[in-house]
Amino acid sequence: MTPKEKIVLLKEVLGSRYPNPKSELNYENPFQLLIATILAAQSTDRQVNVITRELFKVAPDANSLSRMELDEVKNLVRSINYFNNKAKNILEVSRILVNEYEGRVPDRRAALESLPGVGRKTANVVLSNAFRQPVMPVDTHVHRVSNRIGVVKTGKVEETETELMKIIPEAWVIDFHHYLLLHGRYTCKAKKPECQNCPLSFVCDYAQLHS
DNA sequence: AACTCGGGGCA
DNA sequence: TGCCCAGAGTT
């Protein structure tokens with residue numbers, strides 16, 4: 001089975017396993033998507049959802065967040081990983097957006113990655129989700145799952161990103177990010193992958209090797 | 001390439 | 001208790 005054929009199968013199988021892949025982290029508002037994604041680094045979606053629900057009541061846009069005190073922001077995000085750094089980062093981000101981008105989220109990679117706390121993955125989430133640009137966000141889950149199944153054979157995440165974009169239709173990028181992410185988180189885990197519960201094991205290079 | 005950051009969920 | 005996590009930044 002070719003990588004492209006596996007992609008078609010993945011969409012079908014994981015699509016039914018993880019219905020409604022559009023998680024609560026996907027906000028219609030680009031600002032809220034950006035902030036939520038910064039907060040999400042090395043944290044769980046549930047942690048982030050609890051925090052953003054309260055945070056965006058107080059600060060739904062860049063202008064309102066930029067006027068908050070650091071201690072106030074810290075208190076709102078205190079239950080998340082690296083909350084000291086992240087509070088500082090999202091406050092700084094909001095002030096940069098207000099001062100340099102008229103309060104809006106930029107739609108260019110260089111501008112996004114220059115923001116504190118925004119790396120390549122977060123930038124790609126914003127570009128693909130909010131601005132519909134054809135870029136694939138690749139984190140450790142997407143990287144690991146893609147390689148185990150055998151849709152790519154790459155050593156570095158950057159390679160995975162470009163290789164996946166060659167075989168995934170642009171319109172599928174956002175859904176695939178969530179499919180591979182959720183599958184990596186809950187089934188195709190780094191340490192103890194549950195191949196016996198995996199609906200893809202029959203086409204998976206890793207499962208064939210470890211069964 | 002290796003290290004730091006570091007709260008909270010879960011076994 | 002110990003292990004590990006929807007990355008990014010620094011050295």
Side-chain angles (χ1 to χ4, degrees), chain A residues 10 14 17-56 70-71 73-94 96-97 105-106 109-130 135-148 154-162 164 168 173-194 197:
Chain A
L10 272 164
L14 294 184
R17 188 177 178 87
Y18 307 104
N20 189 18
K22 196 174 171 67
S23 78
E24 291 185 46
L25 287 185
N26 283 333
Y27 299 91
E28 299 300 328
N29 182 338
F31 167 78
Q32 297 187 3
L33 172 65
L34 172 62
I35 298 302
T37 309
I38 292 173
L39 295 176
Q42 296 298 96
S43 305
T44 65
D45 57 343
R46 209 184 68 79
Q47 281 181 300
V48 178
N49 289 335
V50 169
I51 284 171
T52 53
R53 195 175 301 131
E54 299 306 314
L55 176 64
F56 294 151
L70 179 56
D71 285 341
V73 180
K74 278 187 182 179
N75 188 51
L76 276 169
V77 302
R78 67 178 181 276
S79 65
I80 206 173
N81 301 17
Y82 317 125
F83 74 94
N84 278 304
N85 285 333
K86 286 175 179 176
K88 195 150 63 75
N89 284 343
I90 64 174
L91 186 57
E92 180 64 18
V93 164
S94 71
I96 294 174
L97 294 185
V105 177
R109 170 182 305 287
L112 285 167
E113 290 190 9
S114 73
L115 300 171
V118 180
R120 184 160 186 100
K121 192 259 180 175
T122 301
N124 281 6
V125 167
V126 173
L127 289 172
S128 62
N129 248 290
V135 294
M136 182 75 190
V138 177
D139 59 13
T140 57
H141 293 311
V142 175
H143 180 61
R144 182 181 67 256
V145 174
S146 300
N147 275 281
R148 277 183 178 170
T154 53
K156 293 186 271 190
V157 263
E158 291 78 14
E159 296 177 290
T160 304
E161 188 180 318
T162 56
L164 284 180
I168 297 180
V173 164
I174 296 174
D175 283 354
F176 259 95
H177 173 237
H178 285 100
Y179 291 155
L180 298 180
L181 179 57
L182 293 174
H183 197 58
R185 179 78 181 89
Y186 297 113
T187 304
C188 191
K189 298 180 289 187
K191 280 295 178 60
K192 296 178 179 176
E194 300 176 2
N197 289 332

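Residue numbers start from 1 in every chain, and the chains themselves are labelled A, B, ... in the order their sequence lines are given, proteins ahead of strands.
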Q: Out of dG7(B), dG7(C), dC5(B), which nucleotide sits closest to the side chain of Phe83(A)?
A: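 Among dG7(B), dG7(C), dC5(B), the one nearest the side chain of Phe83(A) is dG7(B).
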
Q: Could you list the protein-to-nucleotides 1-4 of chain C atom pairs, N/O on both sides, closer than 3.5 Å?
A:
from, atom 1, to, atom 2, distance (Å)
dC4(C), OP1, Lys191(A), NZ, 2.1

Q: Dump the pairs, protein N or O against N or O of nucleotides 8-11 of chain B, anything under 3.5 Å, distances to one decimal.
A:
none

Q: Expressed as a whole number of angstroms, how long is the span from Ile38(A):CD1 to dG7(C):P?
A: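 These atoms are roughly 14 Å apart.
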
Q: Round to a whole Å and report the spacing from CG of Leu112(A) to C1' of dG7(C).
A: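 Result: 15 Å.
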
Q: Looking only at atom P, what distance separates dA6(C) and dA11(B), rounded to whole Å?
A: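 Taking atom P in both dA6(C) and dA11(B), they lie 15 Å apart.
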
Q: Any side-chain heavy atom of Pro137(A) within less than 4.5 Å of one from Val173(A)?
A: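 A side-chain contact exists here, since the closest heavy-atom pair is under 4.5 Å.
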
Q: With sequence neighbours excluded, tell me which residues meet side chain to side chain donor-acceptor pair (under 3.5 Å) with His177(A).
A: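 Here no residue qualifies.
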
Q: For residues Lys74(A) and Ala87(A), report the shortest heavy-atom separation together with the two atoms involved.
A: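 Residues Lys74(A) and Ala87(A), closest heavy atoms: CG-CB, 3.5 Å.
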
Q: Calculate the interatomic distance between Glu92(A) atom CD and dA8(C) atom P; express it in whole Å.
A: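 Going from CD in Glu92(A) over to P in dA8(C) covers 18 Å.
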
Q: For Pro106(A), what residues pass the side chain to side chain contact (heavy atoms under 4.5 Å, CB included) criterion, not counting sequence neighbours?
A: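 With neighbours one apart ignored, the set is Leu97(A), Tyr101(A), Ala111(A), Leu112(A).
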
Q: CD of Glu161(A) versus P of dG7(C): gap in Å, rounded?
A: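 Rounded to the whole Å, the gap is 14 Å.
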
Q: Not counting sequence neighbours, which residues clear salt bridge (charged side-chain N to carboxylate O under 4.0 Å, His left out) with Glu54(A)? List them please.
A: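 With sequence neighbours excluded, Glu54(A) shows a salt bridge (charged side-chain N to carboxylate O under 4.0 Å, His left out) to Lys57(A), given in chain and number order.
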
Q: By side chain to side chain donor-acceptor pair (under 3.5 Å), which residues pair with Glu113(A), not counting sequence neighbours?
A: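 Expected list: Arg109(A).
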
Q: List in chain and number order the residues that pass side chain to side chain contact (heavy atoms under 4.5 Å, CB included) with Ser43(A), two or more places apart in sequence or in another chain; answer none if no residue qualifies.
A: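 Result, side chain to side chain contact (heavy atoms under 4.5 Å, CB included) vs Ser43(A): Gln47(A), Val48(A), Ile80(A), Asn81(A), Lys86(A).
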
Q: In whole angstrom, give the distance that lies between atom OH of Tyr82(A) and atom C1' of dT4(B).
A: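 Going from OH in Tyr82(A) over to C1' in dT4(B) covers 8 Å.
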
Q: Using a 4.0 Å cut-off on heavy atoms, which residues in residues 113-124 of chain A reach DNA chain B? List them by number, or say none.
A: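 Hits under 4.0 Å, by residue number: none.
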
Q: Whole angstroms only, please: what is the CD1-C1' distance between Ile90(A) and dG9(C)?
A: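 Taking CD1 of Ile90(A) and C1' of dG9(C), I get 18 Å after rounding.
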
Q: Using side chain to side chain contact (heavy atoms under 4.5 Å, CB included) as the criterion, list what pairs up with Lys192(A), not counting sequence neighbours.
A: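 Lys192(A) satisfies side chain to side chain contact (heavy atoms under 4.5 Å, CB included) with no other residue.
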
Q: Checking His178(A) against Tyr18(A): is there a side-chain donor and acceptor pair closer than 3.5 Å?
A: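 No pair is found: no donor N or O on one side chain lies under 3.5 Å from an acceptor on the other.
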
Q: To the nearest Å, how far apart are Gln42(A) CD and dG9(C) C1'?
A: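 Going from CD in Gln42(A) over to C1' in dG9(C) covers 13 Å.
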
Q: Considering every strand and a 4.0 Å limit on heavy-atom distances, what is the contact class for His177(A): base, sugar-phosphate, or nothing?
A: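 Contact class for His177(A): none.
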
Q: By nearest nucleotide on DNA chain C, pick out whichever of Ser43(A) and Asn89(A) is the more 5' one.
A: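 Taking each residue's closest nucleotide, the earlier one in sequence belongs to Ser43(A).
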
Q: Could you give the CD-to-C1' distance, from Glu158(A) to dA1(B), as a whole number of Å?
A: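 So the two atoms are 13 Å apart, to the nearest Å.
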
Q: Please tell me which of the listed nucleotides, dA6(C), dG7(C), dC5(B), lies nearest to the side chain of Arg185(A)?
A: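 Closest of the options to the side chain of Arg185(A): dA6(C).
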
Q: Sequence neighbours excluded, which residues qualify as side chain to side chain donor-acceptor pair (under 3.5 Å) partners of Arg120(A)?
A: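 With neighbours one apart ignored, the set is Glu161(A).
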
Q: Output all residues satisfying side chain to side chain donor-acceptor pair (under 3.5 Å) with Ser79(A), sequence neighbours left out; order by chain, then residue number.
A: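 By the side chain to side chain donor-acceptor pair (under 3.5 Å) rule, Ser79(A) matches no residue at all.
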
Q: Tell me every residue that passes ring-ring contact (aromatic ring centres under 6.0 Å, His included) with Phe56(A), counting only those two or more places apart in sequence or in another chain.
A: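 If we apply the ring-ring contact (aromatic ring centres under 6.0 Å, His included) test to Phe56(A), skipping adjacent residues, the hits are Tyr27(A).
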
